[in-house]
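See structure below.
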Amino acid sequence: MLKTIFNFLVLFAVFSLICFAVFLFYSKNNDLLFFTDPHHLVNTKNKTSLNIEKTTAVPEFHQNRTAMPAASGRPLEPCPDIPPNLQEVLYVEFRTNRTLEDVRQQVGPLLQQGGRYKPANCVAKQKRSPGLFRKHRPSLTTRLGESDPRYGVAIIIPFRNRYDHLSHWLHYLHPILIRQQLDYSVYVINQEGDGVFNRAKLMNIGHTEALKEYDYECFVFSDIDLVPLNDRNLYRCSDKPRHLSVAVDKFNFLLPYNNIFGGVTALSREQFLKVNGFSNTFWGWGGEDDDLYQRIVFRGMSISRPDSVIGRYKMIKHGRDLHNDRNPNNVQKLNETPQTIDRDGLNSLSYTVRKIRKDLLYTFITVDVQTTAGYGRVGGGSGMYSCVSAVVSSVHLYRVSSEQMS
Ligand code: UDP
Ligand code: MN
């Protein structure tokens, strides 16, 4: 009896050993659930799905914009300094009626919500290299070395009640900016109500709100009614604050005065901070762009421009808007830039965001700019750009100086 029990136990032990060996063999080849930390399993799963998102889906705002491994696993190369698909001279007309829906159909599939784009196959550059498009260019390595490919461009548009202009601008600019291989987003900063307009304050607000979404390195400030006629005019920043709209059809493609800095300008985050942004106190039309120019000079910088072939623009014809009359007090304020630069600007900006709407073509931010009563008399007037320069502009028309050209 004892022997039988003993035999049975031996058999049982051998059988158990065999089972254990088989079990170990299989557990090597398969991740058996109860041998794996359940948390680890969940994490692995998440990681995998994120990786899939990174390589196949379009990244969200807060995802890293730096070089991401391509589907092949290799990191993306920087985009070429000179984008390969530029068309150079463009045909632009504003007679055609364009609805936002038309534009959405045309360029929407290439964009992400908020009017965002980044090239799929290379890492965009936000900075122009010196000497770009010059005949004798520096070597490729120098040019690549000088560019910082890491960050994006925020395009800031001051806005109120110019919806037809908005459709034209989006229709022309999105394809241009895509051809320029920029990593960019479009912010339309809409002044709420019918108080006196404040273009400069809207620019400061656009800069501040954009930076809440992403660490932009370059800011292009553009009027809604200016469309470039040459896509070699890159919407990137430069080692100097850059004036892009140098040759506007309205002025026979010449600079109305030498220090003009209105229309379309590009400043790096560092340059814009250095001048404390725009003044917030230029209510009504005129002067804020000249004040910015003076801030730049006061902080020891100078500006750069494309030449007058690359820097050509077409402006949509319009009359003076309601509640944006020329403000004669702004001329006087231009004498005060050195005193006001440190206390009036980004560091004193005060406003309320009413609504942020993400359209496929742009981010639309409606703001209360806290229009002050009693900012001074606002008289009627006409012309373009600064009120100071309005006097000068009828007398002198300038060509871009070679010193500014790059
Ligand atoms: N703007 C606007 N609504 C207004 C007034 C101005 O959207 O009621 C914006 C728009 O982007 C415009 C810019 O502010 O292009 C500059 O104003 P405006 O076009 O009157 O200036 P100018 O043509 O004289 O440079
Ligand atoms: Mn205009």
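First listed ligand is number 1; within each ligand, the first listed atom is number 1.
Ring geometry for Phe219 versus Phe221: interplanar angle under 30°, hence parallel rather than tilted (30 to 60°). The aromatic rings of Phe159 and Phe364 stand perpendicular to each other, their planes meeting at an angle above 60°, with 30° marking the opposite boundary. Below 30°, between 30° and 60°, or above 60°: for Trp169 and His174 the angle between ring planes is above 60°, a perpendicular geometry.
Under a 4.0 Å criterion applied to the non-hydrogen atoms of Asp321, ligand 1 contributes the atoms 4 (C), 5 (C), 6 (C), 8 (O), 20 (O). Ligand-side atoms of ligand 1 in range of Phe159: 7 (O), range being under 4.0 angstrom from any heavy atom. Listed by atom number, the atoms of ligand 1 under 4.0 Å from Pro158 heavy atoms are 7 (O), 9 (C), 10 (C), 11 (O).
With sequence neighbours left out, Tyr313 forms a ring pair (Phe, Tyr, Trp, His ring centres under 6.0 Å) with no residue at all.
An N or O contact shorter than 3.5 Å is missing between Arg199 and ligand 1 by distance. Residue Leu322 has no nitrogen or oxygen atom sitting less than 3.5 Å from a nitrogen or oxygen atom of ligand 1, judged on distance alone. Note: no N/O pair closer than 3.5 Å links Ser222 and ligand 1 by distance alone.
Between the Mn ion (ligand 2) and Asp225 there is an N/O/S contact shorter than 2.8 Å.
Checked for salt-bridge contact, Lys314 and Asp249 miss the test: no charged N lies under 4.0 Å from a carboxylate O. Ion pairing of Arg98 with Glu93 is present here, as a side-chain N (NZ or NE/NH1/NH2) and a carboxylate O approach within less than 4.0 Å.
Gln191 does not count as a contact of ligand 1, since none of its heavy atoms falls under 4.0 Å from the ligand. Look at Asn161 and you'll find every heavy atom at least 4.0 Å from all atoms of ligand 1. Put simply, part of His318 is less than 4.0 Å from ligand 1, judged by heavy atoms. Using 4.0 Å as the threshold, Gly262 has no heavy atom nearer than that to any atom of ligand 1.
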| message | If you apply the rule side chain to side chain donor-acceptor pair (under 3.5 Å), what do you find for Thr281 with Lys333, and how did you get there? | response | CA-CA 9 Å; Thr281 56; Lys333 285 172 64 61; 2.7 Å; yes
| field | Steps toward salt bridge (charged side-chain N to carboxylate O under 4.0 Å, His left out) verdict (Asp342, Arg299) | value | CA-CA 11 Å; Asp342 285 327; Arg299 284 282 178 262; 2.6 Å; yes
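Of all the heavy atoms of Ile224, the ones lying under 4.0 Å from any atom of ligand 1 are found in both the backbone and the side chain. Only the side chain of Arg320 comes within contact range of ligand 1, with a heavy atom under 4.0 Å; no backbone atom does.
Screening residues 177-220 for disulfide bond (SG atoms under 2.5 Å apart), with sequence neighbours left out, gives Cys218-Cys237.
Tested against Ser279, the residues Asn204, Asp344, Asn198 include a single side chain to side chain donor-acceptor pair (under 3.5 Å) partner, Asp344.
Of all the listed residues (Tyr163, Phe221, Trp285, Phe197), Phe197 holds the heavy atom that lies closest to atom 1 (N) of ligand 1. When the heavy atoms of Leu202, Asp223, Val188, Asp225 are ranked by distance to atom 19 (O) of ligand 1, first place goes to Asp225.
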